[in-house]
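Order of the sequence lines sets the chain letters (A, B, ...), proteins ahead of strands, with each chain counted from 1. FYI, side chains are in, hydrogens and waters are out, and symmetry mates aren't considered; it's all heavy atoms of this structure.
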Amino acid sequence: MQVRTRFAPSPTGFMHLGGLRTALYCYLFTKKHEDGKFILRIEDTDQERLVEGAVEVIYDTLRGCGIHWDEGPDVGGPVAPYVQSERKDSYLPYAKQLIDEGHAYYCFCTKEDLQQRREAAEAQGLTWKYDKHCLHLSKEDIQQKLDSGIPYVVRQNTPVTGDSDFDDLVYGHIMAPNETLDDMVLIKADGMPTYNFANVIDDHLMGITHVIRGMEYLSSTPKYNLLYKALGWDIPQYIHLPTVMRDSKHKLSKRDGDAYYSDFVKKGYLTEALINYLALVGWNPGDEREFFTMEELQQAFSVEGLSKSPAIFDINKLTWFNAEYIRKLDADKYLELAKPWFDSVLDGKGIDYTRLAQLMQGRTEVFNRIPEMVAFLGERPAFDTSLYENKKQKSSLETTPDALKLSISLLDSVSDWTEENIHKALMEGIAAAGLKNGTVLWPLRIALSGLLSTPGGAIEIAFLLGREESMRRLESALDQLA
RNA sequence: GGCCCCUUGGUCAAGCGGUCAAGACACCGCCCUUUCACGGCGGUAACAUGGGUUCGAGUCCCAUAGGGGUCACCA
């Protein structure tokens with residue numbers, strides 16, 4: 001049997017990381033199977049939440065992540081259209097059929113009515129559930145309301161006795177008493193289907209064999225199954241996914257400012273690192289491997305490796321992955337990606353970006369941390385002379401003036417300002433003076449950078465700064481000590 | 001509150017009746033080193049609780065507790 005899955009996002013304008021992970025698993029699962037088809041379906045039944053350009057965001061994100069769909073709005077397919085608003089007319093007939101067979105009914109209750117009854121029930125400490133009020137309307141009554149144009153919705157008529165159960169590939173056997181199932185709205189007053197209904201209809205019409213989605217749908221699945229049965233359709237296999245959490249109490253949400261794919265890209269996280277990490281939140285390959293390309297993920301993925309418990313999104317580990325991926329970048333690629341960040345604080349300063357990139361690549365965890373690490377090359381920050389003191393390097397406020405003077409004369413003797421020459425001049429001069437490297441190099445680096453730690457040592461920094469700027473900084477450092 | 005799901009170190013997690021309970025991130029220490037980082041070595045740290053079942057339980061069952069989800073004319 002051909003495996004057909006679907007990723008069905010709402011076009012909200014952003015790609016949530018939880019959604020991205022769902023898409024990823026869905027894609028991986030499908031590619032695991034011979035001739036499996038991964039379908040992209042846009043769920044835009046909520047006309048009030050339409051966002052301009054939102055569908056493009058979905059396309060771009062998925063493609064950028066290496067997740068490719070076989071059928072979808074833009075590429076077409078045998079069961080087009082793939083946008084729910086364009087399928088609007090296909091839902092009502094099924095709703096009518098359900099009504100005729102007693103599995104659904106017209107409901108004329110207004111939101112206000114409902115609100116009132118709900119509050120009344122809750123005031124008594126009762127659990128509110130639609131009271132099937134409109135189920136008991138007479139045929140004539142219904143027809144008359146319909147004729148006079150009173151707005152209506154269509155509700156599912158769920159049984160009040162018995163149990164519903166099904167098997168989930170991740171969570172196993174799930175059973176729920178029917179009496180706890182609400183008569184959910186299938187068709188809204190505006191004629192659009194609700195997600196709950198459109199989903200069932202489309203999944204069937206599109207031949208979806210495996211429904212892969214977040215576990216927030218686990219408890220409404222019995223209701224969907226009732227619909228499948230009423231329509232005489234086969235129920236698909238279910239694969240519900242554990243939630244991605246921000247911490248033990250909250251799921252990763254929009255308001256944290258770091259729940260969207262674009263947030264991370266903006267900060268300087270690499271897509272490959274994000275995908276790699278995301279794949280491991282809620283799934284493991286069963287062995288010790290941690291690094292995966294998309295191809296390797298396709299190979300390694302299996303439903304058995306999916307976990308049931310919610311997983312906390314660990315920015316720390318993501319950052320580690322990112323740093324690892326950055327280190328593996330080609331030097332050219334790194335420079336290309338780092339340049340805008342260098343420019344943000346060093347534009348026009350004449351710094352050798354190629355050399356700077358070499359020094360920075362191994363120290364960059366996230367690109368947005370670059371500016372604060374290299375800004376000192378553009379302008380030395382004010383610093384306290386106590387930085388010169390370092391016991392281990394045998395450097396103190398007493399040894400510093402002489403060390404800086406020696407540095408100045410040594411650097412002054414360098415004819416061609418290359419790192420090699422600077423290194424040679426300093427090392428030989430320090431040895432000749434009978435000093436320890438640290439005694440000279442430590443204060444030199446402090447004087448040049450004004451920083452306790454820098455990307456590179458005194459020699460690299462002197463080189464990057466250039467002779468003129470280096471000398472200027474050393475002289476002013478000496479003044480500061482006087 | 002009803003219903004559903006979940007519960008191994010701070011985090012991700014292996015384990016699928018018999019292990020001194022893996023590994024990774026983070027953290028700490030040491031080494032390397034002209035700082036930092038990288039790298040190398042080492043360390044701290046866990047089976048939520050209580051009952052069963054069993055020769056034997058993190059692994060099976062039942063409670064309790066804690067957490068999450070869901071109860072919309074949102075998806």
Side-chain angles (χ1 to χ4, degrees), chain A residues 8-10 12 43-46 48-49 107 109-111 114 118 122 125-130 151-155 168 171-172 174-177 179-182 184-190 192-196 198-199 213-222 240 242-243 245 247-251 277 280-284 286-290 307-321 323 327 359-365 373 387 390 392-393 395 423 426-427 430 436-446 449 451-461:
Chain A
S10 284
T12 61
E43 310 223 326
D44 59 347
T45 54
D46 186 358
E48 286 173 24
R49 294 208 312 193
C107 172
C109 295
T110 64
K111 282 186 186 177
L114 260 20
R118 177 177 301 131
E122 280 164 4
L126 265 38
T127 307
W128 165 259
K129 189 188 139 186
Y130 183 68
Y152 66 89
V153 300
V154 177
R155 282 183 187 277
D168 183 275
Y171 289 93
I174 307 290
M175 180 181 290
E179 61 168 331
T180 63
L181 272 25
D182 202 3
M184 61 181 183
V185 172
L186 267 22
I187 301 288
K188 299 187 261 189
D190 66 0
M192 276 290 194
T194 57
Y195 160 86
N196 300 308
N199 229 264
R213 59 172 40 150
M215 74 146 271
E216 58 267 29
Y217 298 107
L218 198 60
S219 53
S220 36
T221 299
H240 284 94
T243 316
M245 308 287 286
D247 55 51
S248 64
K249 289 189 171 46
H250 309 272
K251 61 177 182 172
Y277 173 63
L280 265 11
V281 179
W283 172 80
N284 82 83
D287 56 36
E288 302 282 87
R289 282 180 298 166
E290 286 208 289
S307 71
K308 299 181 187 183
S309 39
I312 297 174
F313 185 87
D314 185 1
I315 188 76
N316 248 330
K317 183 119 189 194
L318 199 219
T319 300
W320 175 76
F321 266 112
R327 281 181 206 115
L359 292 168
M360 286 297 293
Q361 185 163 1
R363 295 165 226 255
T364 307
E365 292 187 296
M373 292 173 77
L387 295 193
N390 184 316
K392 200 179 162 208
Q393 301 302 330
S395 174
H423 183 274
L426 285 172
M427 290 312 186
I430 291 169
K436 190 178 178 296
N437 285 342
T439 307
V440 178
L441 263 16
W442 175 269
L444 210 211
R445 195 180 56 80
I446 298 295
S449 68
L451 260 28
L452 217 42
S453 72
T454 51
I459 293 158
E460 290 89 343
I461 290 167

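When the C1' atom is compared between B/A46 and B/U59, the two are found 15 Å apart, to the nearest whole Å. B/U34 sits 29 Å from B/G43 when the C1' atoms are compared, rounded to a whole Å. Comparing B/U64 with B/A26, their P atoms sit 41 Å apart, to the nearest whole Å. Between the C1' atoms of B/C30 and B/A22, the separation comes to 25 Å (whole Å).
Nucleic acid contact for A/Ser307: sugar-phosphate only, since backbone atoms but no base atoms lie under 4.0 Å from a heavy atom of the residue. The residue A/Gly282 sits close only to the backbone: its heavy atoms come under 4.0 Å of sugar-phosphate atoms, none of a base. Using a 4.0 Å heavy-atom distance criterion, A/Ile446 is classed as making no nucleic acid contact. Within 4.0 Å (heavy atoms only), A/Met192 reaches no atom of the nucleic acid at all. Among the atoms of the strands shown, only primed sugar atoms or phosphate atoms (P, OP1, OP2) are found under 4.0 Å from some heavy atom of A/Gly362. Among the atoms of the strands shown, base atoms are found under 4.0 Å from some heavy atom of A/Ala458.
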Protein heavy-atom contacts under 4.0 Å, written 5' to 3' over nucleotides 66-75 of chain B as B (base), S (sugar-phosphate only) or - (none), form the string -SBBSSSBBB
Contact pattern, 5' to 3', of nucleotides 23-29 of chain B - B, S or - by protein heavy atom under 4.0 Å
SBSS---
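In this entry the distance linking CG of A/Asp287 with P of B/G15 reads 11 Å, nearest Å. The distance between atom CE of A/Met360 and atom P of B/C36, rounded to the nearest whole Å, is 16 Å.
A/Asn284 has a side-chain polar atom (N or O) that falls below the 4.0 Å cut-off from OP1 or OP2 of B/A14.
Within 6.0 Å of atom CD in A/Glu122, more than 12 heavy atoms from other residues, nucleotides or ligands are found, so the atom counts as buried in its surroundings.
Closest contact between the side chain of A/Arg363 and the listed nucleotides B/U34, B/U33, B/U35 involves B/U35. Listed nucleotides B/U34, B/C6, B/C4 differ in distance to A/Asn437; the shortest reach to its side chain belongs to B/U34.
Positionally, the nearest nucleotide of RNA chain B for A/Ala311 lies more toward the 5' end than for the other of A/Ala311 and A/Asn390.
No donor-acceptor distance shorter than 3.5 angstrom exists from the side chain of A/Trp442 to the backbone of A/Asn437, with no hydrogens or angles considered. Looking only at distances, a side-chain donor or acceptor of A/Asp168 sits under 3.5 Å from a matching main-chain atom of A/His240.
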Yes or no on salt bridge (charged side-chain N to carboxylate O under 4.0 Å, His left out) for A/Arg445 and A/Glu460, after CA distance, side-chain angles and deciding distance?
CA-CA 9 Å; A/Arg445 195 180 56 80; A/Glu460 290 89 343; over 6 Å; no
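Taking the charged nitrogens against the carboxylate oxygens, A/Arg289 and A/Asp287 do have a contact shorter than 4.0 Å, which makes a salt bridge.
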Give every pair of a protein N or O atom and an N or O atom of nucleotides 43-48 of chain B that lie under 3.5 Å apart, one pair per line with the distance.
none

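If you check B/C71 for Watson-Crick or wobble pairing at under 3.5 angstrom, you find it paired to B/G1.
Remark: the A/Arg445 side chain and the B/U34 base include no donor-acceptor N/O pair separated by less than 3.5 Å.
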